[in-house]
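First up is the structure itself, then whatever we jot down about it.
For clarity, every value in this text was computed on a predicted model and none was experimentally measured. By convention in this document, chain letters (A, B, ...) are assigned in the order of the sequence lines, proteins followed by strands, and residues within each chain are numbered from 1.
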Amino acid sequence: MKSTMSLVKPAMRGLLAKRLRFHLPIAFGLALVAAVAFKFTVTEPRKQAYADFYKHYDSMKEFSAMREAGVFESVRPTGK
Amino acid sequence: MAGAKVIPNGRRLYCNCPFCVEIVRNFMDSSSTLIWRMLATRVFRLVGNRALSTSICLRGGHGVAKVEDYTLPAYFDRRESPLPDIKFVQQLSPDQKSLKEKEKGSWAALSKEEKIALYRISFKESFAEMDKGTGEWKSVVAGIFFFIGFTGLVVLWQRNYVYGDVPHTFDPEYKQKEVQRMLDMRINPVEGFSAKWDYENNAWKK
């Protein structure tokens, strides 16, 4: 048994501050990374997809195709 | 006061009504001293006289009440209260008694085995032993898996013997007509359902 050596006094104060100083930057960083990742994997591709869809969209052609398929109640398919 | 009775502790009864006289007469009979002693014991207990052993209780004429084990201080191994109320070993063997005598001297004279023996007299398990995991979690997880599996069997049986047929809307032909109608309506044409259909070639996009 070491009777002459004494143990180092443990930290008594500032424990929460020490933990926050370490974890808060990490938390904010991760949150920022998550937001940026979502923007560039979800929102930007989605905006591009809509832009591409409507660049060459012919609404009358689509309407005629839907009318012929018989999904409307206001207009019947042409003929008969 | 005419007819005032004297009670054993020297006080005088001032009320001569039949009830009080009757009570005093009962106190005056053969067990009176015992009853007064019982009352005195109660008063002592209230005052908190430590000299009187709290495990002795005089009940009117019956003697000493049995001391239950659970009423005495107990030994327990717990991390949050490291020093239990009593030592672990209460009845010391002759070896242990001599060791306790040796403990009264200089501790540097004790060998390592003797120090450990003294520790084991006072405590049942060391901190390492009491904190050790039990492996109970394996039984728990095994039980969880077993009962989930059993529940699966129950659900299977239920599907076969309890539930009736599904609606006609689940038939493959009906489902096909549903899909065709969804494509005709251009459901989600930008990113979703109809976006995956090739309208030129009448097939799903590769």
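- A pairwise comparison of heavy atoms in A:A69 and B:D184 identifies CB-CG, 3.4 Å as the closest pair.
- Heavy-atom neighbours of A:F38 CZ from other residues, nucleotides or ligands within 6.0 Å: at or below the threshold of 12.
- Counting heavy-atom pairs closer than 4.5 Å to chain A, the top residue among B:R186, B:K112, B:M185 is B:R186.
- For A:E68, no part lies near chain B; criterion is any non-hydrogen pair under 4.5 Å.
- The OH atom of B:Y199 sits 11.0 Å away from the NZ atom of A:K61 when rounded to the nearest 0.5 Å.
- Among the candidates A:F72, A:Y50, A:Y54, A:Y57, the residue making the largest number of heavy-atom pairs closer than 4.5 Å to chain B is A:Y50.
- B:W137 CH2: 12 or fewer foreign heavy atoms inside a 6.0 Å radius.
- With a 6.0 Å radius and a threshold of 12 heavy atoms from other residues, nucleotides or ligands, B:R120 has its CZ atom above the threshold.
- Within 6.0 Å of the CD atom in B:E129, the count of heavy atoms belonging to other residues, nucleotides or ligands exceeds 12.
- Remark: A:E73 CD is loosely packed, at most 12 non-hydrogen atoms of other residues, nucleotides or ligands lying under 6.0 Å away.
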